[in-house]
Amino acid sequence: MPPTSTVDRPSNVSEALARGRLGIPSVIFFVLSAAAPLTVVAGVVTTGYGVIGVTGIPLAFLLIAAVLALFSVGYVAMSRRVENAGAFYAYISRGLGRPAGVGAAWVALIAYNALQVGLYGTIGVAAEPVLDRLFGGHPHWAVVALVAWALVGILGLLRVDLNGMVLAALLVAEIVVVLVFDLGQIGNPADGEVSFASFSPDNLFVPGVGAVLVLAVLGFVGFESAVVFSEESKDPKRTVPLATYLSVAIIAGLYALSSWTMTVAVGQDRIVAEAGEQSVGLIFNLAAAQLGDTAVTIGQVLFLTSVLAAMISFHNTTARYTFALGRERVLPAVFGKTSARTGAPRAASVAQSVLGLLVILLYAVNGWDPVVQLFFWVGTTGGFGVLLLIATTSVAVIAYFARSGGGENLWRRAIAPGLATIALFVIIWLAVSNFANLLGVAPDSTLRWALPAAYPVAALLGIGWALLLRSNRPDTYARIGLGAASAAAAARPEAPVAVEVTR
């Protein structure tokens with residue numbers, strides 16, 4: 001007989017996110033803002049060329065897009081059956097069992113918080129040229145970070161559709177500028193010749209390919225978050241699949257195009273040296289030569305808003321993961337409450353803001369490098385955590401459909417997720433092998449193993465916590481992975497809700 005969950009609570013009104021507020025465009029704006037197109041093009045791509053020295057980055061983006069498209073086949077198929085703001089946590093709970101799901105939740109909290117707080121390290125650098133132009137100087141990076149922190153915190157407490165409107169305005173302008181820069185670059189080819197050599201496999205499958213593939217994955221981080229907003233979507237069974245596939249396609253096309261046009265403008269044989277010398281400034285220096293100072297100023301402003309938009313998106317994603325865990329009492333119940341006025345996950349949003357404030361103050365007081373030691377180290381580690389979650393979720397999808405069938409065809413329930421799983425674990429192996437290169441530290445550095453090791457430790461602690469819940473709080477344990485149905489089960493003890501059997 002299936003287990004039931006009956007928890008004596010009087011109401012679930014404040015334990016549900018506001019439904020019907022997000023359509024397909026709004027969800028795509030959240031996803032693409034997390035991907036931060038201009039930040040990736042100006043920062044990640046130039047880092048790949050200049051630091052790793054591999055020129056096949058455009059092809060790497062297309063290959064990673066193919067892997068993530070395969071993953072998405074099973075992912076969105078499962079989204080039609082499991083609607084939960086804690087997507088990875090819920091899917092792994094349903095597919096691999098509740099202890100594995102809680103372990104994944106601990107990993108997700110670390111990964112998404114790392115991605116969010118890491119961005120505070122680069123907002124000062126992004127703001128520097130803008131503030132110099134406007135005021136002839138710029139404040140300490142922590143002052144800029146605190147202003148951004150306050151804005152993100154306030155928006156996190158407002159209606160989710162208002163956040164979507166802000167992201168829409170920022171993202172559209174950002175993508176337009178990236179495309180204008182691309183047109184300028186392709187219209188001014190080095191030596192008068194347009195070369196497609198960066199799409200050749202010979203320029204990708206060389207020493208350093210592992211690091212390049214991981215950087216490409218980092219560029220896509222955020223595509224998976226469409227499912228996080230499923231409870232707030234107008235038609236989740238239609239919105240989530242379309243938003244997921246469109247996001248992968250848009251990100252892949254934009255990044256492959258931009259990284260390729262950069263090689264066209266600089267020259268295939270000179271891109272590594274120029275990117276290594278100019279770093280983030282490369283794309284803006286190209287724009288200055290091809291499009292003039294006005295275009296550069298606009299691009300620098302939108303680089304700043306790109307980082308800000310990513311902060312808003314990751315803040316909302318992280319808050320909803322925390323909310324999902326609080327609603328099911330895996331975390332304290334206070335995190336599972338929403339604002340009666342806005343429907344936002346109030347306590348979870350405030351908790352994320354408090355963490356961000358502590359990190360900013362910690363780095364500022366100790367004088368630590370905000371770009372290298374916060375944005376790069378912490379952000380890269382967060383992206384690696386999301387990669388682990390994607391691979392584990394792919395396994396969970398296969399297990400879920402193997403047990404339940406679910407009416408899906410063989411391609412959706414087994415073949416596509418199986419191929420994606422193999423590819424994802426190969427990328428993970430390459431990531432671990434190249435982690436020192438990713439961080440830019442010596443091979444014998446403690447960080448080379450300490451940062452990725454945080455995830456298996458967190459997963460084991462989460463599994464242990466789930467086992468304690470099973471022994472001491474079986475009603476709470478039975479609600480793990482139920483999502484909105486968890487609150488319904490709590491509110492109707494006289495009518496227990498039967499849930500799918502998971503371990």
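Index from 1, following the sequence.
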Checklist entry - Taking C-beta and beyond as the side chain, do L254 and L179 meet within less than 4.5 Å on heavy atoms? => result yes
Checklist entry - Which atom names give the shortest non-hydrogen contact between I92 and A104, and what distance separates them? => result CD1-CB, 3.4 Å
Checklist entry - Could you go step by step and tell me if I271 and L282 meet the side chain to side chain contact (heavy atoms under 4.5 Å, CB included) rule? => result CA-CA 10 Å; I271 185 65; L282 176 60; 4.0 Å; yes
Next on the checklist: Using every non-hydrogen atom in the two residues, find where G299 and F181 come nearest and quote the distance to one decimal.
Outcome noted: CA-CZ, 3.9 Å
Checklist entry - Which distance, rounded to the nearest 0.5 Å, do you find between the CG of L131 and the CD of Q300? => result 11.0 Å
Item to check | Test item: L358 and L362 side chains (from C-beta on) under 4.5 Å apart, heavy atoms | outcome: no
Next on the checklist: Could you check whether any side-chain N or O of R448 sits under 3.5 Å from a backbone N or O of V432, counting only pairs where one atom can act as donor and the other as acceptor?
Outcome noted: yes
Checklist entry - Which pairs pass ring pair (Phe, Tyr, Trp, His ring centres under 6.0 Å) with one or both residues in residues 434-457, sequence neighbours excluded? => result F384-F435
Next on the checklist: Would the distance check show the side chain of Q352 and the main-chain N or O of A319 forming a donor-acceptor pair, the cut-off being under 3.5 Å?
Outcome noted: no
Next on the checklist: Before you tell me yes or no, could you show the steps for Y120 and M311 under side chain to side chain contact (heavy atoms under 4.5 Å, CB included), namely the whole-Å CA-CA distance, both residues' side-chain angles and the distance that decides it to 0.1 Å?
Outcome noted: CA-CA 8 Å; Y120 289 118; M311 287 179 179; 3.6 Å; yes
Checklist entry - Under a 4.5 Å cut-off applied to non-hydrogen side-chain atoms, are V350 and L157 in contact? => result yes
In a table with atom names and distances, give each donor-acceptor pair under 3.5 Å that connects a side chain of residues 367-378 to protein atoms at least two apart or in another chain.
from : atom 1 : to   : atom 2 : distance (Å)
D369 : OD1    : V371 : N      : 2.9
D369 : OD1    : V372 : N      : 3.2
Q373 : OE1    : D369 : N      : 2.7
W377 : NE1    : L439 : O      : 3.1

Checklist entry - Are the ring centres of Y321 and Y89 closer than 6.0 Å? => result no
Next on the checklist: Looking at I57, is its backbone amide N or carbonyl O close enough to the side chain of Y49 to form a donor-acceptor pair, meaning the two atoms are under 3.5 Å apart?
Outcome noted: no
Checklist entry - Closest heavy-atom contact between P417 and V397? => result CG-CG1, 4.1 Å
Checklist entry - Between S198 and P58, which heavy-atom pair has the shortest distance, and what is it? => result OG-CG, 3.5 Å
Next on the checklist: Within this structure, what is the CD1-CG distance for the pair I283 and L38, rounded to the nearest 0.5 Å?
Outcome noted: 6.0 Å
Checklist entry - What distance separates N113 CG from T317 OG1, expressed to the nearest 0.5 Å? => result 11.0 Å
Checklist entry - Does S353 use its side chain to pair, donor to acceptor, with the backbone of S349 at less than 3.5 Å? => result yes
Checklist entry - V54 and V272: side chain to side chain contact (heavy atoms under 4.5 Å, CB included), yes or no, with the steps? => result CA-CA 8 Å; V54 175; V272 170; over 6 Å; no
Item to check | Residue pair I427 / L387, side-chain heavy-atom distance below 4.5 Å | outcome: yes
Checklist entry - According to the salt bridge (charged side-chain N to carboxylate O under 4.0 Å, His left out) rule, which pairs have a member within residues 132-158, sequence neighbours left out? => result none
Next on the checklist: Working to the nearest 0.5 angstrom, can you tell me the gap between I110 CD1 and L115 CG?
Outcome noted: 12.0 Å
Item to check | Side chain proximity check, L109 to L325, heavy atoms < 4.5 angstrom | outcome: yes
Checklist entry - So, do D191 and R270 sit near enough that their side-chain heavy atoms are less than 4.5 Å apart? => result yes
Checklist entry - When you measure from the side chain of S200 to the backbone N and O of F196, does any donor-acceptor pair fall under 3.5 Å? => result no
If you look only at distance, which donor and acceptor atoms sit under 3.5 Å apart when one is on a side chain in residues 259-269 and the other is two or more places apart or in another chain?
from : atom 1 : to   : atom 2 : distance (Å)
S259 : OG     : Y255 : O      : 2.7
S259 : OG     : A256 : O      : 3.2
W260 : NE1    : S195 : O      : 2.7
T261 : OG1    : D182 : OD1    : 3.2
T261 : OG1    : Q185 : NE2    : 2.7
T261 : OG1    : L257 : O      : 3.3
T261 : OG1    : S258 : O      : 3.1
T263 : OG1    : W260 : O      : 2.6
Q268 : NE2    : T55  : OG1    : 3.0

Item to check | Working for side chain to side chain contact (heavy atoms under 4.5 Å, CB included), residues F223 and L68 | outcome: CA-CA 9 Å; F223 90 97; L68 296 181; 3.8 Å; yes
Which atom pairs, one a donor and one an acceptor, fall under 3.5 Å between side chains of residues 201-222 and the rest of the protein, sequence neighbours left out?
from : atom 1 : to   : atom 2 : distance (Å)
N203 : ND2    : A197 : O      : 2.7

Checklist entry - Counting N and O atoms only, with roles assigned by atom type, does the side chain of S79 sit under 3.5 Å from a partner on the main chain of V76, one being a donor and the other an acceptor? => result yes
Item to check | Distance in Å, M78 CE paired with R412 CZ, rounded so as to fall on 0.5 Å steps | outcome: 15.5 Å
Item to check | Working for ring-ring contact (aromatic ring centres under 6.0 Å, His included), residues Y400 and Y91 | outcome: CA-CA 8 Å; Y400 174 83; Y91 290 11; 8.2 Å; no
Item to check | Which atom of A173 lies closest to which atom of L302, heavy atoms considered | outcome: O-CD1, 3.3 Å
Checklist entry - Of all heavy-atom pairs between A287 and V296, which one has the smallest distance, and what is that distance? => result C-CG2, 3.9 Å
Checklist outcome for this item: Rounded to the nearest 0.5 angstrom, the CZ-OG1 distance for F71 and T244 is 9.0 Å
Next on the checklist: Over 60° means perpendicular and under 30° means parallel, so tell me whether F303 and F284 are parallel, tilted or perpendicular.
Outcome noted: tilted
Checklist entry - Which residue pairs satisfy the side-chain hydrogen bond (donor to acceptor under 3.5 Å, both in side chains) criterion with at least one member in residues 382-397, sequence neighbours excluded? => result S394-T421
Checklist entry - Any side-chain heavy-atom pair from I390 and F88 closer than 4.5 angstrom? => result yes
Checklist entry - Between the side chains of N285 and Q278, is a donor N or O closer than 3.5 angstrom to an acceptor N or O? => result yes
